[in-house]
Amino acid sequence: MSAFDTVVHLVYLACASAFVVGLHLMNAPATARRGNQVSAAGMGLAILTTVAVLVEGGRINAYAAWALGLGTAAGAVAGLVAARVVRMTAMPQLVSLFNAVGGGAAALIALGEHPASTAAEVTGVLDVLIGALTFSGSLIASGKLAGRVPGRPIVVPRGRLISFGLAVVAAVLAVLVIGFDGGAPALWGAAATALAAGVLLTLPIGGADMPVVISLLNACTGTAVAMAGFVLQSTPLIIAGALVGAAGAILTKLMADAMNRPIGAIIAGDYGTGDAVAVAAASGSAPVREITADDAAIQLAYAGRVVIVPGYGLAAAQAQHEAVALAQALTERGVEVTYAIHPVAGRMPGHMNVLLAEANAPYEQLADLEESNPGFPRTDVALVVGANDVTNPAARRPGNPVSGMPILDVDRARSVIVIKRSLGHGYAGIDNELYAEPRTAMLFADAKAGLGALLAGLSTYAK
Amino acid sequence: MSPLLLADLTVFTLGLLVGFEVISKVPATLHTPLMSGANAVHGVVLVGVMLLAATISTPAGYALLAVAAFFAAMNVAGGYVVTDRMLAMFRSRGRS
């Protein structure tokens, strides 16, 4: 090994360490930004080092250099622009898009490389299959999150049979590549099969299951990148891919646990009704108590402790600034305000926290499920904004679609105010028993308008 | 199995374990930036695309290379910038 190779190796090791340290610093909000910068510095160093490797090796021809340079420049500009202009409510689809292109790049590496050994063939096939599946799956997920593909589950006729068929075709092509030197045609065939499978697997999954799905796709991209690292015998790719794979796997498990649904059942899809569930005044079976914004404002103004429970409705209405303005107004009056955030509130893990942070909510006020629940019996008013199934007390009983799902114990607060457009069902498609409780009052409004009216009421009636 | 493959497998396994250990401590508040930051980390695939470039010498290969470079660069540049934007918003009660 030449001195140059040794130095390159050591620098790559430093870069991989920067990724680990960077992720470690993400343990706390105060250090998280520095963590991301450490990680980015490691990435910059890894890229510069690779430029040095290419220059020193001198084997890259002019056309390849131009293709690489132009592709990189265009991609960097596209990524920077998208990252700069995206609204925080649109974060899930952008993260999903970046995940898609990462998986796509990993798959293309194996498609462009001539495998030198059986091990490289095996990892190459895995890279192509996982990378291509993640690419098309993440694109569909991103489209669903952005509303370009319908968010409700789309049932493909005989979908499972087709998926099974695709799996068989993929396995046959994999054997051809590895055992019989099937080469490029078989590998491209495998890529096409995986692309189709990615679409087929993501289409039937409904909106509220998205936090699980994008976590899982993130884990897949990590694995695909690690496989690309095996093909190229590149340690930084293997380490970074393994780290991301682990991160995605942990988030997938946390999200699935928070919905009390096995990951397999979520992938099988075909559950619930998706986002568009504003069924005007459903069932009408249980009588509910309505409240005006002014009465609700007075109730909030004279409370000692208020917990705000945000859900997807808040994100959909882009009402995070109103929620935080209300919380600040209450805090100034001496009311103790916290936010109770369910792990699957929103469309990606931690989505609500980012929205509230955007609106300047101090992170000390953001509490998760375990932190929030013991506080509800001491809470005068629980204000539910656009959250539904995660507050349904029916989850404590067996025998219904939300049974066993960990919920926020909103019904244990002394009183509850729910801001909601109608009595429509949530994702699980069942009545929320919380709404019929005697101490629950409904404020029928869009999240943004409802919170605005509360804020106005507060300044008029409670000085 | 070749010694090189064994070494790669060792690195991969230890990487997974380190990942589990480090990431299981991240609080729910930071799950979105964590996912986005991890997303940016797999942008290291750009290094892989660059290494691939040294072996390519056909027109179809150049096209594939350009697309792969576009994807990877978008992943890495966008991923870090958007994560930074998000994390810049997380403020403590003390300062604003």
Side-chain angles (χ1 to χ4, degrees), chain A residues 19 23-24 26-27 29 32-33 36 40 46 50 59-60 63-64 67-68 71-72 74-76 78-80 82-83 95 98-99 101-102 104-106 108-109 112 119 221-222 225 228 230 232 236-240 242-244 246-247 250 348-351 353-354 357-358 362-364 366 368, chain B residues 5 8 11-12 15-16 18-20 22-26 28-39 41-42 44-45 47-54 56-57 61-62 64-66 68-84 86-90 92-93 96:
Chain A
F19 299 153
L23 287 173
H24 174 73
M26 287 219 181
N27 277 345
R33 193 174 184 198
N36 189 54
T50 315
R59 282 185 298 135
I60 181 168
Y63 295 111
L68 180 67
T72 305
L80 287 175
V95 171
F98 288 156
N99 195 49
V101 291
L108 288 172
I109 286 179
T221 308
V225 170
F230 277 97
L232 297 165
L237 263 70
I238 297 177
I239 296 177
L243 289 173
V244 180
I250 289 177
M348 74 184 291
H351 191 187
N353 305 73
V354 168
E358 183 198 15
Y363 58 73
E364 294 90 345
L366 311 181
D368 65 18
Chain B
L5 178 63
D8 285 350
V11 168
F12 178 66
L16 275 179
V18 169
F20 278 122
V22 170
I23 287 145
S24 53
K25 297 193 182 89
V26 175
T29 301
L30 291 173
H31 276 166
T32 292
L34 167 72
M35 175 173 275
S36 171
N39 233 329
V41 168
H42 69 53
V44 75
V45 72
V47 166
V49 175
M50 295 168 81
L51 293 174
L52 176 71
I56 282 188
S57 56
Y62 301 140
L64 180 143
L65 185 63
F70 178 85
F71 281 174
M74 184 173 171
N75 183 176
V76 73
Y80 278 112
V81 170
V82 87
T83 310
D84 189 65
M86 270 191 266
L87 288 172
M89 299 181 320
F90 280 84
S92 185
R93 195 194 298 263
S96 68

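First the proteins, then the strands, lettered A, B, ... as listed; each starts at 1.
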A/A228 portion near chain B, given a 4.5 angstrom heavy-atom threshold:
neither
Would you call A/N353 and B/T32 a side-chain contact if the rule is heavy atoms closer than 4.5 Å?
no
Let's test your reading of the structure: which of B/L64, B/V18, B/L5, B/L51 forms the most heavy-atom pairs below 4.5 Å with chain A?
B/L64
Given A/T50, A/L243, A/N36, the one with more heavy-atom pairs under 4.5 angstrom with chain B than any other is A/N36
With chain B, which of A/A106, A/A247, A/A40 has the greatest number of heavy-atom pairs at distances under 4.5 Å?
A/A40
Nearest atoms (heavy-atom pairs only) where B/F71 meets A/G104
CD1-C, 3.9 Å
Relative to chain A, which of B/S57, B/A88, B/P33, B/S36 shows the most heavy atom pairs under 4.5 Å?
B/A88
Under 4.5 Å, counting heavy-atom pairs only, tell me which of A/A82, A/A119, A/A78, A/G112 racks up the most with chain B.
A/G112
Does some side-chain heavy atom of B/T29 sit less than 4.5 Å from a side-chain heavy atom of A/D368?
no
Should B/V22 and A/M26 count as side-chain neighbours, where that means a heavy-atom distance under 4.5 Å?
no
Which heavy atom in A/I250 sits nearest to a heavy atom in B/S24, and how many Å separate them?
CD1-N, 3.7 Å
At what distance, to the nearest 0.5 angstrom, does CE of B/M86 lie from CD of A/E358?
11.0 Å
What closest approach, in Å, do A/A76 and B/A73 show between heavy atoms, and which atom pair accounts for it?
N-CB, 3.6 Å
Tell me, side chain or backbone of A/A32 under 4.5 Å from chain B's heavy atoms, or both, or neither?
both
Interatomic spacing from CE in A/M348 to NE2 in B/H31 - rounded to 0.5 Å:
11.0 Å
Sort A/Y63 into side chain, backbone, both or neither according to what part of it lies under 4.5 angstrom from a heavy atom of chain B.
both
Rounded to the nearest 0.5 Å, how far apart are CG of B/L52 and CD1 of A/I109?
6.5 Å
When A/L237, A/L366, A/V225 are compared by non-hydrogen pairs under 4.5 Å with chain B, the top option
A/L237
Counting only non-hydrogen atoms closer than 4.5 Å, does A/L232 touch chain B with its backbone (N, CA, C, O), its side chain (CB onward), both, or neither?
side chain
Might you point out which heavy atoms bring B/Y80 and A/F19 nearest each other, and give the distance in Å?
OH-CE2, 4.0 Å
Taking all non-hydrogen atoms of both residues into account, name the closest pair between B/A68 and A/A105 and its distance.
O-CB, 3.8 Å
With a 4.5 Å heavy-atom cut-off, do A/I60 and B/I56 have their side chains touching?
no
Note, A/F98 side chain near B/V76 side chain (heavy atom, < 4.5 Å):
no
Where does B/L30 contact chain A at under 4.5 Å (heavy atoms): side chain, backbone, both or neither?
side chain
Per-residue tally against chain A (heavy atom, under 4.5 Å) across B/G37, B/A69, B/A72 peaks at B/A69
Treating B/N39 as the side-chain partner and A/V95 as the backbone partner, does any N or O pair qualify as donor plus acceptor under 3.5 Å?
yes
So which heavy atom on A/A246 is nearest to which on B/L16, and how close?
CB-O, 3.5 Å
Under the criterion side chain to side chain contact (heavy atoms under 4.5 Å, CB included), I'd like the reasoning laid out for B/L34 against A/L23: C-alpha separation, chi angles, the key distance, then a yes or no.
CA-CA 8 Å; B/L34 167 72; A/L23 287 173; 4.0 Å; yes
